[in-house]
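A short write-up of the structure that comes next.
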Protein chains: 2
Amino acid sequence: MATGRTHRPATRSRGIPEATVARLPLYLRALTALSERSVPTVSSEELAAAAGVNSAKLRKDFSYLGSYGTRGVGYDVEYLVYQISRELGLTQDWPVVIVGIGNLGAALANYGGFASRGFRVAALIDADPAMAGKPVAGIAVQHTDELEHIIESNGVSIGVIATPAGAAQQVCERLVAAGVTSILNFAPTVLTVPDGVDVRKVDLSIELQILAFHEQRKAGEEGGPDSGGPAVAARAAAAVADDRKGPDGDMPAVMPA
Amino acid sequence: MATGRTHRPATRSRGIPEATVARLPLYLRALTALSERSVPTVSSEELAAAAGVNSAKLRKDFSYLGSYGTRGVGYDVEYLVYQISRELGLTQDWPVVIVGIGNLGAALANYGGFASRGFRVAALIDADPAMAGKPVAGIAVQHTDELEHIIESNGVSIGVIATPAGAAQQVCERLVAAGVTSILNFAPTVLTVPDGVDVRKVDLSIELQILAFHEQRKAGEEGGPDSGGPAVAARAAAAVADDRKGPDGDMPAVMPA
DNA sequence: CTCTGTGAACTAGTTCACAGCT
DNA sequence: AGCTGTGAACTAGTTCACAGAG
């Protein structure tokens, strides 16, 4: 990933591990809930439980941000909410465009979690002319032709791609050319981007497949306790036997919508 | 997390690293695309490029499954598709229920990537009586009252939660009590489950927050830092502290018209 | 000679356990 | 006392680099 050479071995203070960054939103969510209940302080143990991690990890994570706790007491909820928000860049407003207003795009447009975290849906964009002008989540959908203009005039730097897989790369290129430098990709395809552009992907079917893997393992476990290890040879042989069948006539691509 | 269980150092053959499992669906997708184009074999280099990883990692990943390649040549596409499918448990049929048919639930129901990978939507379930009977993606929505009955009579072991956050834990408990042992959670909340139940979560706003973090860093590189004073806690807390809403917006638009 | 498969070296991430502040 | 903050030990994951199959 873009992590390639961003390596700055220098300044220790700005070296927050990626794994920690990925957990900050989790802590923020837990802290927000506490804040709403007007809880003034929280210990690493309590907060860790609320966020679903262990407390040593949480303390270590916070230690990368600075020393924001009070020994013997815990963390001040409001203060920590502020610090994490600032670290994540949520104290500023991020205009976002969503491209591809199918089922998923509409769900995203309606998703409350965006707006409440400093993200503002600046525009909804779809290639279907019939969609143009239709309101989704209170915003009129605009045609793809407007893409560059929207990005530039709103200073959008974050784009969300919720198009079919076949359109994603092209949309991505237009977004990047227009100035977008961070992309959240829901299309089940690998996007190629120039250096300096970040891509994160969310693939719904991948998550299910990972679950299926573990589920299958559970099921196998009951049949025979620790059935032997030489399974590999046997499996390989069996597989070769039924080798080249057209496994599934099943299907075309993996496209959303 | 469910990772709690002790690693069995024994039988190497069954010790596929979690990171590798998470990439298998990616390889499978790339291979499926090649298969459709009737490409017979592929090298680790080519396949790695298509999947967006580096080739050493890919070879190492495959080495955990067995020796399915041919030195000097590469991998047989069809054979590898079969091996990975089987490893992931996709050669069997997984009935899945989706609970919470809002925008997101509907998007999931319509998502082609599920059906094409051995997942079958056995039922759509919603708590709103007004939804009952309405067809979504060609399937009539059923009321939550039917949940236990549906799970049991269809032998469902995988459940997808797309309800608002407030309902998620309760739905989760009912799913688990009825026999579900793998859950894909889209609600922005931490689910507590008994041992032996797997949970994977997808949080749309977390991904955006991670992007914002990196985006901020890029911007900060050039101009002056916003160097927020430590005292400004109130503003940030107000900005961040609000909803606790579901993934789909029951919430109307957050945007001023 | 080409490309896989894999030990070995390295890097990132997690957990432990305790010093030290309040 | 109680709890944070953190070096040190450990574990998981990645990359290197090359032996060896075809």
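Note that these values count all heavy atoms, side chains included, but never hydrogens, waters or copies made by symmetry. Every chain is numbered from 1, with letters handed out A, B, ... down the list of sequences.
A donor-acceptor pair under 3.5 Å is formed between the side chain of B:Gln169 and the backbone N or O of B:Thr192.
When distances run from any side-chain atom of B:Lys60 to the nucleotides D:dT15, D:dG7, D:dT4, the shortest one goes to D:dT15. In the set C:dC16, D:dG13, C:dT6, the nucleotide with an atom closest to the side chain of B:Glu18 is D:dG13. Among D:dG13, C:dT14, C:dT15, the nucleotide with an atom closest to any side-chain atom of A:Arg23 is C:dT14.
Put simply, A:Ser44 has no side-chain N or O that comes within less than 4.0 Å of OP1 or OP2 on D:dC3. Phosphate contact (OP1/OP2 of C:dT15, side-chain N/O of A:Lys57, threshold under 4.0 Å): present. The phosphate of C:dT15 has OP1 or OP2 within less than 4.0 Å of a side-chain N or O from A:Asn54. Phosphate contact (OP1/OP2 of C:dA12, side-chain N/O of A:Tyr64, threshold under 4.0 Å): absent.
For the atom pair CG (A:Leu65) and OG1 (A:Thr20), the distance works out to 8.0 Å, reported to the nearest 0.5 Å. Between the CD atom of A:Gln83 and the CG atom of A:Asp76 there is a distance of 10.5 Å, given to the nearest 0.5 Å.
For the pair A:Ala19 and B:Val42, nearest-nucleotide mapping onto DNA chain C gives the more 5' position to B:Val42. Nearer the 5' end of DNA chain C, as judged by each residue's closest nucleotide, is the contact made by B:Gly69, out of B:Gly69 and A:Arg59.
Using a 4.0 Å heavy-atom cutoff across all strands shown, A:Phe62 reaches no nucleic acid atom at all.
D:dT4 atom P lies 11 Å from atom CG of A:Leu80, rounded to whole Å. The CD atom of B:Gln83 sits 16 Å away from the C1' atom of C:dT4 (whole-angstrom rounding).
Counting atom types as modelled, A:Arg71 pairs a side-chain N or O with a base atom of D:dT4 as donor and acceptor under 3.5 Å.
A heavy-atom distance below 4.5 Å is found between the side chains of A:Arg59 and A:Tyr75.
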